[in-house]
Asks: 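Take a look at the following structure, please.
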Amino acid sequence: MRIGYPCINRSLDCIASSTFRLKSYSEEKLKKTVESNLDCLERMIDYNLENRMFFLRITSDLVPFASHEVCDFDWQKHFSERLSSIGEKFRDHNFRVSMHPGQYTVLNSNKNDVYHKSINDLEYHADVLDAMNLDTTAKINIHVGGVYDDKEKSKMRFIKRYKDISKKIKRRLVIENDEKSYSVKDCLDISKEIGIPVTFDNLHHSINGSHYSVEDALGEVSRTWNHKDGPPIVHYSSQLTGKRTGRHADTIDLEDFEGFLEKTRKYDFDLMIEIKDKEKSVKKIIENSLF
DNA sequence: ATCGGTCAAGGGGCA
DNA sequence: TGCCCCTTGACCGAT
């Protein structure tokens with residue numbers, strides 16, 4: 001069981017996701033930005049080591065515009081040594097690593113150009129993990145995508161597209177239940193057809209549930225992860241009280257978290273804490289010996 | 001130096 | 001149809 005937080009460490013005075021405007025794109029600027037992003041990523045790894053947080057989500061902005069047509073720079077080659085040494089550090093300390101493309105990456109889109117751009121973006125994410133020589137437990141986590149007024153058809157489109165993608169992406173791709181469209185049940189239906197692992201998100205499940213209890217949902221998704229995929233990935237967050245449903249809380253509610261652990265005790269998984277104050281919440285969990 | 005409008009990009013939900 | 005929300009702050013031009 002490993003625990004971590006996504007993309008940004010607020011205790012450090014650096015970010016690994018620094019970017020710039022498309023208008024000001026230049027190869028020089030890209031190189032500089034990626035260098036400083038990699039510096040920061042290494043500092044995050046060191047911080048995590050010291051604090052025993054062995055699950056890390058790498059920001060999609062590590063190499064800005066990498067999947068955009070404007071970028072013809074061979075960043076993999078240029079940063080190959082650094083990327084592989086970062087990967088070595090991950091492996092030496094048995095880190096779990098993941099990435100999570102944003103809302104613009106929609107594999108099952110009914111628009112062809114969106115679909116193709118999504119493939120490019122998934123390719124980029126796979127390239128980052130490949131350049132670090134990470135095994136297939138390093139995952140790229142996405143949502144199923146749009147519904148377009150016909151969920152069955154849209155699920156089928158996801159399945160067909162999945163079958164068509166390259167091995168390089170396929171070996172890392174996992175799907176997560178989302179808060180309005182595709183529930184755990186929907187993800188499991190898809191997984192049954194193509195064997196893709198399913199990430200469980202407790203907050204999304206509480207908003208967009210199926211007939212599954214948390215215990216049953218976790219039990220079912222656990223079976224979608226094979227040995228080569230590593231332990232299941234679970235996302236935990238709590239609702240920001242009084243705000244729009246789905247908004248992430250500012251800091252962790254330890255009582256709520258204990259309740260969650262209570263229900264999930266019998267399962268093995270790696271846990272990503274998606275809460276605004278990031279590593280501080282994880283620290284609270286560890287300090288209270290909850291994980 | 002500070003401020004705030006804007007940022008590559010999709011989709012869903014509501015008035 | 002058009003606007004807002006999510007992701008999420010950071011960038012950068014105007015002052």
Side-chain angles (χ1 to χ4, degrees), chain A residues 5-26 28-30 32-34 36-37 40-41 44 57-73 75 98-125 140-151 153-155 157-158 161 175-183 186 199 201 203-208 235 237-240 242-251 272-281:
Chain A
Y5 57 91
C7 308
I8 295 171
N9 181 313
R10 297 192 195 283
S11 304
L12 298 175
D13 58 358
C14 71
I15 49 167
S17 53
S18 125
T19 182
F20 48 87
R21 292 291 125 92
L22 181 59
K23 255 201 319 198
S24 56
Y25 180 93
S26 72
E28 206 41 46
K29 191 150 190 160
L30 181 68
K32 282 261 166 13
T33 305
V34 176
S36 98
N37 284 347
C40 187
L41 180 61
M44 279 174 70
R57 182 190 299 167
I58 299 172
T59 169
S60 296
D61 278 332
L62 193 69
V63 185
F65 302 104
S67 65
H68 192 278
E69 57 183 12
V70 75
C71 176
D72 57 5
F73 176 58
W75 56 271
S98 71
M99 293 185 85
H100 193 350
Q103 73 246 55
Y104 302 108
T105 303
V106 187
L107 187 60
N108 81 339
S109 175
N110 55 4
K111 298 188 192 75
N112 237 343
D113 65 317
V114 176
Y115 164 48
H116 289 295
K117 278 191 253 176
S118 298
I119 295 288
N120 287 344
D121 200 46
L122 291 173
E123 191 123 331
Y124 152 66
H125 284 82
I140 302 168
N141 184 95
I142 59 171
H143 295 291
V144 178
V147 171
Y148 315 101
D149 297 321
D150 190 339
K151 196 187 263 187
K153 229 168 144 183
S154 299
K155 273 184 184 172
R157 197 164 47 247
F158 184 93
R161 299 254 168 98
I175 48 174
E176 174 193 346
N177 60 311
D178 69 73
E179 69 179 50
K180 27 177 111 135
S181 305
Y182 293 93
S183 66
D186 294 320
T199 293
D201 183 299
L203 183 58
H204 296 161
H205 184 68
S206 73
I207 301 165
N208 180 24
H235 292 174
S237 58
S238 31
Q239 170 72 35
L240 180 55
K243 294 288 181 181
R244 189 196 70 85
T245 17
R247 277 284 296 277
H248 289 176
D250 294 331
T251 192
M272 180 56 60
I273 302 294
E274 296 183 323
I275 294 187
K276 288 238 177 285
D277 68 356
K278 309 274 180 186
E279 79 290 344
K280 290 196 180 66
S281 282

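Here is how names work: the chains are called A, B, and so on, in the same order as the sequence lines, proteins then strands, and each is numbered from 1.
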Asks: Considering residues at least two apart in sequence or located in another chain, which fulfil the side chain to side chain contact (heavy atoms under 4.5 Å, CB included) criterion with K151(A)?
Replies: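 For K151(A) the side chain to side chain contact (heavy atoms under 4.5 Å, CB included) partners, ignoring immediate neighbours, are V147(A), K155(A), Y182(A), D186(A).
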
Asks: Is there a donor and acceptor pair, one atom on the side chain of R21(A) and one on the base of dC12(C), closer than 3.5 Å?
Replies: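 Absent.
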
Asks: When you measure from every atom of DNA chain B, which of residues 116-124 of chain A have a heavy atom less than 4.0 Å away?
Replies: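 Nothing qualifies; none.
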
Asks: Which is true for S109(A) with a 4.0 Å heavy-atom rule: it touches a base, it touches only sugar-phosphate, or it touches nothing?
Replies: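 Touches sugar-phosphate only.
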
Asks: Considering heavy-atom distances to DNA chain C, does Q103(A) or L22(A) have its closest nucleotide positioned more toward the 5' end?
Replies: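 Of the two residues, Q103(A) wins.
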
Asks: For Y25(A), what residues pass the side chain to side chain contact (heavy atoms under 4.5 Å, CB included) criterion, not counting sequence neighbours?
Replies: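 Here the qualifying residues are F20(A), L30(A), F65(A), V70(A), C71(A), F73(A).
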
Asks: Under the side chain to side chain contact (heavy atoms under 4.5 Å, CB included) test, which residues partner N208(A), sequence neighbours left out?
Replies: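 Side chain to side chain contact (heavy atoms under 4.5 Å, CB included) check on N208(A) returns D178(A), S183(A).
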
Asks: With a 4.0 Å heavy-atom cut-off, tell me which residues in residues 13-20 of chain A come close to DNA chain B, sorted by residue number.
Replies: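 Correct list: empty, so none.
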
Asks: In what stems does DNA chain B take part, counting only runs of at least 3 consecutive Watson-Crick or G-U pairs whose two distances fall under 3.5 Å?
Replies: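 If one scans DNA chain B for consecutive Watson-Crick or G-U pairs, the stems found are B:1-7 with C:9-15, B:10-15 with C:1-6.
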
Asks: For dG10(B) and dC11(C), measure between their P atoms and round to the nearest Å.
Replies: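 Taking atom P in both dG10(B) and dC11(C), they lie 23 Å apart.
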
Asks: Can you check nucleotides 1-3 of chain B for protein contacts, nitrogen or oxygen pairs under 3.5 Å, and list what you find?
Replies:
none

Asks: Using the disulfide (SG to SG under 2.5 Å) criterion, which residues pair with C7(A)? Sequence neighbours excluded.
Replies: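 With sequence neighbours excluded, C7(A) shows a disulfide (SG to SG under 2.5 Å) to no residue whatsoever.
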
Asks: Which residue pairs pass the side chain to side chain donor-acceptor pair (under 3.5 Å) test with at least one member in residues 62-72 of chain A, sequence neighbours excluded?
Replies: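 Every pair satisfying side chain to side chain donor-acceptor pair (under 3.5 Å) with a residue in residues 62-72 of chain A: S67(A)-D121(A).
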
Asks: Taking only residues two or more places apart in sequence or in another chain, which ones pass salt bridge (Lys or Arg N to Asp or Glu O under 4.0 Å) with R57(A)?
Replies: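 Salt bridge (Lys or Arg N to Asp or Glu O under 4.0 Å) list for R57(A), sorted by chain: E274(A).
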
Asks: Quick one: list whatever passes salt bridge (Lys or Arg N to Asp or Glu O under 4.0 Å) with K32(A), sequence neighbours left out.
Replies: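 E28(A).
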
Asks: In chain order, what residues pass the salt bridge (Lys or Arg N to Asp or Glu O under 4.0 Å) check against K153(A), with sequence neighbours excluded?
Replies: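 K153(A): no salt bridge (Lys or Arg N to Asp or Glu O under 4.0 Å) contacts found.
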
